[in-house]
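Below is one structure, written out as structure tokens, with a few remarks after it.
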There are 2 protein chains.
Amino acid sequence: MPKTTPPDADNSAQQRRLQMADIARLAGVSTSTVSRALAGSKLVSEETRVRIMELARSLKYTINIGAQNLRMKQNRTVGVVIPYDSATRQHLSDPFFLSMLGSLADALTELGFDMLVSRVDAEELDAAAAPFDTGRVIGIILIGQWRHHEQLNQLAARHVPIVVWGAQLPQQLYCTVGGDNVTGGELAAAHLIAQGRKHIAFFGDINLPEVGQRYEGQCRALRKAGMKVDPALQVSVSFLPEGGREAVQELLRRGVPFDAVFAGSDLMAMTSINTLRQHGYEVPGQVAVVGYDDIELAGYFHPPLTTVQQPIREAGRALVSQLLELVDGRPAASLQIPTQLIVRNSSV
Amino acid sequence: MPKTTPPDADNSAQQRRLQMADIARLAGVSTSTVSRALAGSKLVSEETRVRIMELARSLKYTINIGAQNLRMKQNRTVGVVIPYDSATRQHLSDPFFLSMLGSLADALTELGFDMLVSRVDAEELDAAAAPFDTGRVIGIILIGQWRHHEQLNQLAARHVPIVVWGAQLPQQLYCTVGGDNVTGGELAAAHLIAQGRKHIAFFGDINLPEVGQRYEGQCRALRKAGMKVDPALQVSVSFLPEGGREAVQELLRRGVPFDAVFAGSDLMAMTSINTLRQHGYEVPGQVAVVGYDDIELAGYFHPPLTTVQQPIREAGRALVSQLLELVDGRPAASLQIPTQLIVRNSSV
DNA sequence: ATGAAAGCGCTAACAC
DNA sequence: GTGTTAGCGCTTTCAT
């Protein structure tokens with residue numbers, strides 16, 4: 001572990017960081033006055049206030065937020081946690097999660113909050129609360145509900161202010177914000193059905209709440225169209241990019257006929273398309289494909305990907321606003337963000 | 001601006017956060033003993049240490065890091081800043097930058113550091129130092145050098161510990177970590193030349209240091225092959241995804257013949273390929289295309305993208321290790337991470 | 001309008 | 001081994 005000596009350690013020329021007492025001395029006033037001046041209090045005369053502010057600015061002095069926070073018992077930092085899968089030791093790479101991070105950064109910056117990012121082992125989700133427990137952040141936004149409903153409930157029961165990006169589940173103590181997965185799945189499947197597709201495969205781990213709901217949506221669309229649900233067309237594969245390839249191979253192995261694929265994520269849709277092509281299938285000619293997420297690159301893929309859009313900008317804002325509710329001690333309802341189908345060429 | 005009342009505000013049932021004094025009282029010892037016990041000091045008897053630790057754990061007490069930092073004048077948080085373009089008000093979306101964020105998160109987590117992410121207006125780069133000036137972070141990693149060489153120099157002159165992802169420039173006071181852009185460009189162009197391409201277009205804003213160096217590499221490869229550099233084949237376009245489309249259109253407008261494109265980023269390569277196709281060009285048949293970055297999706301594109309790989313995992317680690325050098329008061333040399341050409345189908 | 005003094009939650013001499 | 005005390009850099013009564 002690197003040492004990172006404290007700034008005041010005697011490594012030569014490290015000039016000591018300026019502090020309020022210095023400004024006070026230089027201005028010939030007390031620290032109280034400096035504090036007030038910098039805070040824009042009207043208790044200090046216009047003249048000295050200006051003088052002190054100028055001085056501070058010319059010396060590039062800024063208040064030490066740590067000390068200020070301690071004294072004022074406040075904090076404008078929000079924790080964002082992205083669990084990683086300890087088994088695969090998978091690192092942060094899903095473009096959708098990454099975009100969410102960007103969107104959260106934007107939403108928080110806009111409101112004057114800082115964002116503390118940490119990664120935790122998905123199996124030790126309790127650790128997600130650490131930045132809160134240690135007082136560094138006022139609450140936690142967790143991206144990736146995965147299968148950890150129970151652990152999340154426990155965190156909420158402990159009164160950790162936490163908002164989770166994911167699906168709304170029965171008996172849920174924590175607040176979630178997520179896309180409307182059932183409708184999303186239904187839209188996707190209905191679209192494929194409208195294109196005349198008869199055998200629609202589903203790729204994705206339906207044990208994950210969000211994916212499960214997307215599949216449920218597909219089933220609903222099938223039933224509405226008077227078609228029956230064939231379990232042989234449902235292939236459970238992980239969220240990793242290779243998922244698409246594996247799913248196609250498994251489906252071919254099963255030997256069930258299919259003319260469409262609804263994939264649990266765009267990444268999976270893309271690898272599915274590539275694998276289908278390698279096996280000589282034309283997309284969308286022989287197999288129509290629909291993805292999920294509408295990541296930045298979906299439209300640039302060949303063929304451009306039909307997909308269900310998760311409105312990431314609003315998602316970020318919603319996550320933040322619900323968290324701030326919780327932080328202020330108000331209850332925060334779980335939210336569903338409406339999704340829409342983006343029809344491109346991979347399915348028509 | 002939302003209020004975010006301090007935790008001790010009187011909104012009903014917010015139970016006060018446990019603190020060391022509480023543990024001390026419950027254990028019947030002084031706070032010093034608790035402090036020592038929790039720090040694992042050998043000054044406290046085995047027995048009381050265990051007792052106190054158990055107590056703390058059962059009560060889910062954790063030390064308030066803010067107070068600890070203040071007292072110990074230490075900090076294990078690193079700032080990561082991603083400037084945004086104020087003109088286009090462009091938000092964080094380039095997959096490469098996003099991946100870099102992920103890689104940094106991993107590298108920092110591994111070393112036990114936290115990551116504070118902020119976004120600043122690229123025109124006000126001075127603001128990038130704010131998290132440092134206010135004592136929240138021990139140093140800054142800035143992703144995106146853009147055109148702000150001068151402002152970065154000023155930050156370094158102010159002794160802000162800062163490491164920048166970007167190109168190494170003459171008269172540079174700050175530390176950079178970046179790919180070897182010249183070699184990268186040379187590899188890409190040499191590859192295209194080896195494929196028998198005669199008229200290689202370059203897409204990208206060569207005023208950006210990194211892109212300029214990639215172009216320089218291309219020129220070098222051309223000269224080595226005894227070919228001449230045709231300025232009409234260089235098209236300056238922004239880093240935005242649409243850049244690729246605009247570049248192709250501009251090139252066609254110019255009417256110069258071309259049989260290859262070297263694009264400044266993968267995103268641009270992808271949109272270029274799509275636009276070329278729309279105009280009836282076959283890739284790689286009539287036009288070979290090479291990108292830059294090797295983003296996650298490059299291999300899944302159709303055709304799979306030949307590209308220059310920026311090793312993002314090492315990049316993250318290198319950025320962090322150089323920053324920690326600076327923080328410890330040691331000089332940190334700028335680093336170039338070797339790049340390699342990944343040959344896929346878009347160019348062969 | 002300004003200053004003195006107390007204290008935010010913690011650690012580290014220094015006593016015993 | 002453990003407690004007492006001072007103080008990290010700031011804000012805020014309470015005096016003046």
Side-chain angles (χ1 to χ4, degrees), chain A residues 5-9 16-53 55-56 59-76 132-138, chain B residues 5-9 16-53 55-56 59-76 132-138:
Chain A
T5 359
D8 59 346
R16 197 178 55 83
R17 192 191 284 275
L18 227 47
Q19 51 189 69
M20 201 175 266
D22 301 314
I23 305 292
R25 196 165 10 81
L26 263 46
V29 296
S30 74
T31 59
S32 327
T33 304
V34 176
S35 174
R36 285 194 271 253
L38 261 30
S41 157
K42 351 210 40 156
L43 280 174
V44 61
S45 77
E46 175 73 19
E47 184 250 317
T48 42
R49 186 174 55 215
V50 172
R51 191 161 52 88
I52 290 176
M53 286 190 136
L55 185 63
L59 265 47
K60 301 234 180 243
Y61 167 77
T62 32
I63 286 176
N64 177 323
I65 303 249
Q68 189 183 50
N69 281 348
L70 181 59
R71 175 61 229 235
M72 297 176 72
K73 295 185 164 208
Q74 58 153 35
N75 192 341
R76 293 191 71 83
F132 172 76
D133 289 333
T134 57
R136 310 152 78 70
V137 304
I138 54 176
Chain B
T5 357
D8 59 349
R16 194 178 58 82
R17 193 192 284 275
L18 227 46
Q19 51 189 70
M20 202 175 266
D22 300 315
I23 305 293
R25 195 162 15 78
L26 263 47
V29 296
S30 74
T31 59
S32 332
T33 305
V34 176
S35 174
R36 287 195 269 254
L38 260 31
S41 157
K42 348 211 42 153
L43 281 173
V44 60
S45 78
E46 174 73 19
E47 184 250 318
T48 43
R49 186 174 57 216
V50 171
R51 192 163 50 89
I52 290 176
M53 286 191 135
L55 185 62
L59 265 47
K60 302 237 182 241
Y61 167 77
T62 34
I63 286 177
N64 177 323
I65 303 247
Q68 190 183 50
N69 281 347
L70 180 60
R71 175 61 230 232
M72 297 174 73
K73 296 185 160 207
Q74 59 152 34
N75 192 341
R76 293 191 71 83
F132 172 76
D133 289 332
T134 56
R136 285 209 293 278
V137 304
I138 53 175

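Note that these values count all heavy atoms, side chains included, but never hydrogens, waters or copies made by symmetry. Below, chains carry the letters A, B, ... as their sequence lines are ordered, and counting in each starts from 1.
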Quick one: is [X] getting a side-chain N or O under 4.0 Å of the [N] phosphate, OP1 or OP2?
X	N	answer
Thr33(B)	dG3(D)	yes
Tyr61(B)	dG9(C)	no
Gln68(B)	dG9(C)	no

Please state how far atom [atom1] in [X] lies from atom [atom2] in [N], giving the value in whole angstrom units.
X	N	atom1	atom2	answer
Leu70(B)	dG9(C)	CG	C1'	9 Å
Met72(B)	dC8(D)	CE	C1'	11 Å
Gln74(B)	dG9(D)	CD	P	14 Å
Lys73(B)	dC10(D)	NZ	P	11 Å
Leu18(B)	dC10(C)	CG	C1'	14 Å
Arg25(A)	dG9(D)	CZ	P	13 Å
Arg17(A)	dC8(D)	CZ	P	15 Å
Ile63(A)	dG9(D)	CD1	P	14 Å

**Asked** dG3(D) base to Arg36(B) side chain: any donor-acceptor pair below 3.5 Å?
**Response**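 Side chain to base: pair present.
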
**Side-chain donor/acceptor of Ser32(A) to base of dA4(C), under 3.5 Å** = yes

**Asked** So how far is it from Ile65(B) CD1 to Leu70(A) CG, rounded to the nearest 0.5 Å?
**Response**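 The distance works out to 13.0 Å.
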
**Asked** Mapping Thr48(B) and Thr31(B) to their closest nucleotides on DNA chain D, which lands nearer the 5' end?
**Response**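 Closest to the 5' end, via its nearest nucleotide, is Thr48(B).
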
**Request:** Using heavy atoms to find the nearest nucleotide of DNA chain D for Asn64(A) and Arg71(B) separately, return the residue whose nucleotide is more 5′.
**Result:** Arg71(B)

**Request:** List the steps, then state whether side chain to side chain contact (heavy atoms under 4.5 Å, CB included) holds for Leu59(B) with Leu26(B).
**Result:** CA-CA 11 Å; Leu59(B) 265 47; Leu26(B) 263 47; 3.5 Å; yes

**Request:** Side-chain contact test, heavy atoms from C-beta onward, threshold under 4.5 Å: evaluate it for Glu46(B) versus Val50(B) and give yes or no.
**Result:**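 Contact flag for Glu46(B)/Val50(B) side chains = yes.
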
**Message:** Quick check: do Gln74(B) and Gln68(B) have side-chain heavy atoms less than 4.5 Å from each other?
**Reply:**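 SC-SC contact between Gln74(B) and Gln68(B) confirmed.
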
**Asked** Between Val44(B) and Ala37(B), which heavy-atom pair has the shortest distance, and what is it?
**Response**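 The answer is CG1-CA, 3.9 Å.
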
**Message:** Over all strands shown, is Ser45(A) touching base, sugar-phosphate only, or nothing at heavy-atom distances under 4.0 angstrom?
**Reply:** sugar-phosphate

**Message:** So if I take every side-chain heavy atom of Ser35(B) and compare against dT11(D), dG9(C), dT11(C), which nucleotide ends up nearest?
**Reply:** dT11(C)

**Prompt:** Out of dT4(D), dT11(D), dG9(D), which nucleotide sits closest to the side chain of Ser30(B)?
**Reply:** dT4(D)

